[in-house]
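These notes are about the structure you will find just below.
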Amino acid sequence: MEEIKEVTVTTTETAQVIETVDSSNELNAIDGKKPQNRKKYNNNKKPTNNNNRERKPQNNQAKLPAKIDGFITDLKKAYEINEKIHKDRLNPHYKLNLNTSAKMRITPLGGLNEIGGNMMVCETENSAIIVDVGMSFPDEDMHGVDILIPDFSYIREIKDKIAGVVITHGHEDHIGAMPYLFKEMQFPIYGTSLPLEMIGSKFDEHKMREHRKLFRPIQKRTPVKIGEFEVEWMHITHSIIDSSAIAVTTEAGTWIHTGDFKIDHTPVDGFPTDIHRLAHYGEKGVLVLTSDSTNSHAPGFTKSEKSVYPTFERLFASSQNGRVIMSTFSSNIHRVAQAIEVALKYGRKICVIGRSMEKNLEIAMSLGYIKFPRDQFIEAHEVNKYDDKEVLIVTTGSQGESMSALYRMAIHEHRHIKIKPTDQIILSAKAIPGNEASVSGIINHLLKAGAQVAYQDFADIHVSGHAAQEEQKLMLRLVKPKFFLPVHGEYNHALKHGKTGVDCGVLERNVYIMSDGEQVEVCPKYLKKVKTVKTGKVYIDNQLNHKIADDIVIDRQTMAKEGIGI
């Protein structure tokens, strides 16, 4: 291409610039290369207005060279280059290996079209991993059934290729079915310390302590080789501490699974979601994303867990003469920790009542996740030795469970604690769908006992652990997946999340709403459903720790509806 030599650019305010530019090298500035030609400034020669008019073309634009100081002078060309940069950074799918014949298959065995019971399988031709093994709760007409666990039929079919179980976090709907799986089949278990110790506690209860030898504690941000998979745990925030998203890399590409998450920038422990690591994978190119849909109808952002603290302070400050009794989910350690912190500030001793609450708090303290002086804790039988204003009782029962400690306190059947008119009750939890009647029932019992009950009349008495729409958008923008599979929650939640994915740049044809048992095959070229595997629920009597046959549950339902007593 012909050189442009000694082109003069003149205005009434700038000096004359003389430069020799090779127009064939117009991308030097973007490539970071210095221009090869030198320029010189002549500050003494100033143009006249007449000269300006003579030099201007008819479109009133000064004739510019291809480059000045190494910068492109054609603004339209500069825009087009930047537009391409935008498209490349938003859709890095050109980095995926389109020539590979490798593929992966993802099969949900629980947790879709429902709340709870989360379990997924990811497999290649020769290897497989299980992601979470959770439980769910029965409907009211499942008489004598305490919990539901996934049907393990497909696991039995592929057990010889399973390299391990990968755990995202310690909630019951992600680890609650582990003992029942391991009574039948055993595999190495990979995860962080808290969920592993919670699983270990379950193994102890089921007299399966020997399975603790299968624990493989991982380090976040450090990929681990499991069979044909490379798995990395990335820290995310949720309503239980030490939660993780995972990156699963195979020859076909990388699968990001968020697990349950929210994006809390001011968490209680100071460890926010590792958005930098998520963005790292997004820049490399992500094949498929499966992400938490539970709060997909909620606009905006989910509030920080720290927003509960000022509400606790106001309630403690207004309860100077009576006991404070706080109930929340036993797994929400940071919620409990905030209540304890405020109580210690007001000079109160701490009494923890409820088997699951005691166990989870002890695990968190023994591992070092939270730190409180143990001499500030008292037993239930010691409560009456202190003035009411000197006691905080932390207990289970926020869902109105009839066997919970709070329920028994409310109906005066607890051995050590009975509700008084001077008590301030804090229900720091939202009713799980289906539990609304139970929660309403326990509130009525507490009010009949004369207590003050703080629940829905305080906006910040509880915050969700799941991402709202803006956080879901942020996750999608960070990861930038080629394919998107919304998971966790009911069908309407997943459908709404899928639409959010389309809004955030995922092609509509690359979004698929799965159901339990549907197996999808994914590679850089396509995502498709390949088959449906057997799935469903198994009924468990948690008191006896054994399965209940389907026909027995059906017989009970028939008797409840049609039977008579003699």
Side-chain angles (χ1 to χ4, degrees), residues 137 146 172 308 311-312 314-333 335-344 346-362 372 376-432 434-458 461-462 542-543:
F137 292 101
D146 295 307
E172 288 291 313
V308 177
T311 302
F312 284 172
R314 291 197 300 273
L315 290 167
F316 275 80
S318 63
S319 306
Q320 296 289 344
N321 298 318
R323 298 178 302 190
V324 176
I325 301 175
M326 195 276 281
S327 183
T328 188
F329 298 109
S330 63
S331 61
N332 198 335
I333 304 299
R335 185 75 50 83
V336 175
Q338 290 185 93
I340 292 174
E341 187 176 334
V342 177
L344 293 177
Y346 281 88
R348 293 177 182 261
K349 296 289 186 181
I350 316 301
C351 177
V352 182
I353 301 177
R355 187 161 157 265
S356 60
M357 185 73 74
E358 293 173 38
K359 180 182 69 175
N360 290 339
L361 197 60
E362 175 57 32
F372 293 110
Q376 297 302 304
F377 289 81
I378 60 175
E379 300 294 331
H381 67 270
E382 299 178 287
V383 167
N384 292 328
K385 296 179 183 178
Y386 295 85
D387 290 342
D388 287 351
K389 64 181 181 180
E390 297 177 324
V391 175
L392 164 67
I393 297 171
V394 180
T395 186
T396 55
S398 63
Q399 296 302 299
E401 305 96 318
S402 59
M403 297 299 293
S404 68
L406 184 61
Y407 190 91
R408 287 182 284 122
M409 293 177 199
I411 62 175
H412 289 191
E413 288 187 0
H414 193 275
R415 183 178 177 185
H416 301 291
I417 311 296
K418 293 177 175 54
I419 299 300
K420 301 178 181 180
T422 54
D423 289 337
Q424 172 65 68
I425 313 297
I426 302 175
L427 292 180
S428 184
K430 183 180 178 181
I432 296 173
N435 287 355
E436 293 86 356
S438 299
V439 173
S440 180
I442 197 169
I443 291 174
N444 288 332
H445 284 299
L446 292 166
L447 292 173
K448 287 177 182 177
Q452 299 294 314
V453 179
Y455 181 46
Q456 292 181 329
D457 44 343
F458 289 84
I461 204 167
H462 168 73
N542 216 23
Q543 304 303 313

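Note that the structure is predicted; figures quoted are calculated from it, not measured. When a residue number appears, it is its place in the shown sequence, counting from 1.
In this structure, the side chains of L361 and V394 stay at 4.5 Å or more apart for every pair of heavy atoms. Y346 places none of its side-chain heavy atoms less than 4.5 Å from the side chain of V324. Contact check for L392 versus V342: no side-chain heavy atoms found under the 4.5 Å cut-off.
When the shell of 6.0 Å around NZ of K359 is examined, it contains more than 12 heavy atoms from other residues, nucleotides or ligands.
Residues F372 and A337 come closest through the heavy atom pair CZ-O, 3.4 Å. Across all their heavy atoms, G400 and Y407 have their closest contact at O-CD1, 4.1 Å. The nearest pair of heavy atoms linking I419 to I325 is CD1-CD1, 3.7 Å.
Rounded to the nearest 0.5 angstrom, R408 CZ and E413 CD are separated by 8.5 Å. Atoms NE2 and CD1, from H412 and I417 in turn, are 11.5 Å apart once rounded to the nearest 0.5 Å. Note that the CD1 atom of I426 and the NE2 atom of H462 stand 14.5 Å from one another [nearest 0.5 Å]. To the nearest 0.5 Å, atom CD of residue E358 and atom SG of residue C351 are 8.0 Å apart. Here the CE atom belonging to M326 is positioned 5.5 Å from the OG1 atom belonging to T328, to the nearest 0.5 angstrom. To the nearest 0.5 Å, the span separating CD on E362 from CE on M357 amounts to 14.0 Å.
The side chain to side chain contact (heavy atoms under 4.5 Å, CB included) test applied to E390 returns Y386, D387, not counting sequence neighbours. Under the side chain to side chain contact (heavy atoms under 4.5 Å, CB included) criterion, S398 pairs with S327, F329, A429, not counting sequence neighbours. Listed by chain and number, the residues in a salt bridge (Lys or Arg N to Asp or Glu O under 4.0 Å) with E401 amount to none (sequence neighbours excluded). Legend: residues meeting side chain to side chain contact (heavy atoms under 4.5 Å, CB included) with N384, ordered by chain and number and at least two apart, are absent.
Residues in residues 415-425 take part in these side-chain hydrogen bond (donor to acceptor under 3.5 Å, both in side chains) pairs, two or more places apart or across chains: R323-D423, D388-K420.
With hydrogens and angles disregarded, a donor-acceptor distance shorter than 3.5 Å links the side chain of Q399 to the backbone of K430. Under a 3.5 Å cut-off, the side chain of S319 and the backbone N or O of F316 do not form any donor-acceptor pair. With hydrogens and angles ignored, the 3.5 Å screen pairs a side-chain donor or acceptor of T395 with a backbone N or O of I353. Using modelled atom types, one side-chain atom of N444 and one backbone atom of S440 make a donor-acceptor pair closer than 3.5 Å. Distance alone, capped at 3.5 Å, places no donor-acceptor pair between the T396 side chain and the G354 backbone. Within the 3.5 Å criterion, the main-chain N or O of A343 finds no donor-acceptor partner in the side chain of R348.
Side-chain contact check for N360 and S331: no donor-acceptor pair (N or O, by modelled atom type) lies under 3.5 Å.
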Legend entry - Test log, rule side-chain contact (heavy atoms from CB on, under 4.5 Å), inputs E379 and E382: CA-CA 5 Å; E379 300 294 331; E382 299 178 287; 3.5 Å; yes
Legend entry - I350 and L344: CA distance, side-chain angles, deciding distance, side-chain contact (heavy atoms from CB on, under 4.5 Å) verdict: CA-CA 8 Å; I350 316 301; L344 293 177; 4.2 Å; yes
Inset, instruction - Start with the C-alpha distance between I432 and V439, add both sets of side-chain angles, then the distance that settles side-chain contact (heavy atoms from CB on, under 4.5 Å), and finish with yes or no. - result: CA-CA 9 Å; I432 296 173; V439 173; over 6 Å; no
Please list, one pair per line, the donor and acceptor atoms closer than 3.5 Å that link side chains of residues 445-455 to other protein atoms, with sequence neighbours excluded.
none

